[in-house]
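Accompanying notes for the structure given below.
Proteins come first, then strands; the chains are lettered A, B, ... in the order of their sequence lines, and each starts at number 1.
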2 protein chains.
Amino acid sequence: MTGPKSPDSSDEAQNPERSAVLGEKKIPAAVVKRLSLYTRALQNLERNKVEKVSSTALAGELGLNSAQVRKDLAYFGQFGVPGFGYHVGELRQHLKHILGTDREINVALIGVGHLGKALLSYGGFHRQGFRIMWAFDVEVRESHVGVERVPVYHTSELDRIIREESIELVILTVPAEAAQGIADRLVKAGVSAILNFVPTRLQTPDHVKIHYVDLAIEMESLSFYLR
Amino acid sequence: MTGPKSPDSSDEAQNPERSAVLGEKKIPAAVVKRLSLYTRALQNLERNKVEKVSSTALAGELGLNSAQVRKDLAYFGQFGVPGFGYHVGELRQHLKHILGTDREINVALIGVGHLGKALLSYGGFHRQGFRIMWAFDVEVRESHVGVERVPVYHTSELDRIIREESIELVILTVPAEAAQGIADRLVKAGVSAILNFVPTRLQTPDHVKIHYVDLAIEMESLSFYLR
DNA sequence: GCGAGATTGTGAAAACGTTCACAAATTCGC
DNA sequence: GCGAATTTGTGAACGTTTTCACAATCTCGC
């Protein structure tokens, strides 16, 4: 019923990976991901007492192009010294500030199943400075889980605690059927970033950022490359 | 010491996400990932007894553009019927065949830590038809783990069993220090696809396909979008 | 079995991301 | 302190991916 010159008008074409706005520039999502990679590479260099690094060296470490490294950093300022490179410690501080990981971020995990429990015990988050402080489930079997003894609350307390504790980031590991319902409540309570392990496309307002980690898809698409 | 007209000659610029070759055409990695998404969406439709679907409907389900769906499918053939759409069951069969998930794939998991154990218990793989049949660790605490009671072997048996059982796909959840060493052994033993949860860039020959799942990076890059 | 309506498959255009290439800036050995 | 060597930051070129737009094709109700 649309005009003859308006094909496919029902498409919304909202590609899941969009770009962010910082100040005036638009930062591509891929750049933000690489910023994280740079941070970790710098961390390793620092541990090895390396004090300077060139874009070429950093790029080599990560299998990237040196111009890309320089361009990525140039989105946020001029951190390098021509003829020298980058000061490792300094650049790392800058990046941590840009990423917002130089402050405490309150993280909760919802859905204490196999995967949820594993993530609560997983060392990788801690090492990057993330502390999951709350866990929720529809059924509270143990009051505390994981090495860090994270307290487990019933989902009925979700909305209250999220609000009271200003939880901004949530890891979602609930069954597929429950995901959208929980997401709606999270958004209402003020959560603005979700790391979603549930293989369901979540419907949320634009200001809420969702990253999808889809393990089954990773396996399936790998299988394509087998011979 | 390179010629004056050859800048940055040490860069290799091998972007981690490259494309695959099928017959003559090059299939972008992003297309393969979406193929998996389509497969799952079709699975859901089938469960709900839906027998036909248009590119617009499928795209809407996944937040994509309808032309993209059609183009993606067009890489592999003409599966649709103008004026009608796609037959759900038929298209799904086609896609499963293209992805190679219509046959048994032998999968092993290496590194039975928190994350490894969780993945062995995780239902998501099973639902998509993947069975992890072997697990390996440097220390065998239990002879069988997970709901499916997967046998755990010592890593010294890795090379032999990989070869004997024709294991093609491996899930890697070992500590960072061990990752490259294990990867080298896997490649020698004939593994050609790795799902790598270790935050380390693995050095492997071109014919080995690696997908990286980097949970810490996902968290960090999410934090960028908080306010 | 005809015709209005729906939907595909696909060239062409637009958007986006990466790499090249080089002037400008700084270093550092002597 | 000079000058060769190094390395940044960035416009322009290039390549890839996504979206548009529409002719060709098929459906399905009457």
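- Taking atom OH of residue B/Y75 and atom C1' of nucleotide C/dT8, one finds them 17 Å apart after rounding to whole Å.
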Name every donor-acceptor pair, under 3.5 Å, that has one atom in a side chain of residues 100-107 of chain A and the other anywhere in the protein, sequence neighbours excluded.
residue : atom : partner : partner atom : Å
A/T101  : OG1  : A/K96   : O            : 3.4
A/D102  : OD2  : A/H97   : ND1          : 2.8
A/R103  : NH1  : A/E168  : OE2          : 3.2
A/R103  : NH2  : A/E168  : OE1          : 3.4
A/N106  : ND2  : A/E165  : O            : 2.9

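- A sub-4.0 Å separation between OP1 or OP2 of D/dG9 and a side-chain N or O of A/Y86 is present.
- With distances taken from any side-chain atom of A/R70 to the nucleotides C/dT18, D/dT17, D/dT8, the minimum falls on D/dT8.
- A donor-acceptor contact under 3.5 Å is formed by the side chain of A/K71 with the base of C/dT19.
- In this model, the phosphate group of D/dT7 is not approached by any side-chain N or O of A/S55 to a distance below 4.0 Å at OP1 or OP2.
- The interatomic distance linking B/Q68 (CD) with D/dT19 (P) rounds to 5 Å, in whole Å.
- The side chain of B/N65 approaches D/dT19 more closely than any other nucleotide in the set D/dT25, D/dT19, C/dC22.
- The distance between atom CG of A/L64 and atom P of C/dT19, rounded to the nearest whole Å, is 8 Å.
- For A/S54 and D/dT7, the shortest distance from a side-chain N or O to OP1 or OP2 is not below 4.0 Å.
- When distances are taken from the side chain of A/R34 to each of D/dT18, C/dT10, C/dT18, the shortest belongs to C/dT18.
- Checking D/dT8, C/dC28, C/dT8 against the side-chain heavy atoms of A/K52 singles out C/dC28 as nearest.
- When each of C/dT10, D/dT8, C/dG17 is scored by its nearest atom to the side-chain atoms of B/A67, the top-ranked nucleotide is C/dT10.
- Of the candidate nucleotides C/dC28, C/dT8, D/dT27, C/dT8 has the atom nearest to the side chain of B/P82.
- Side-chain N/O atoms of B/Q78 include one lying less than 4.0 angstrom from OP1 or OP2 on C/dT10.
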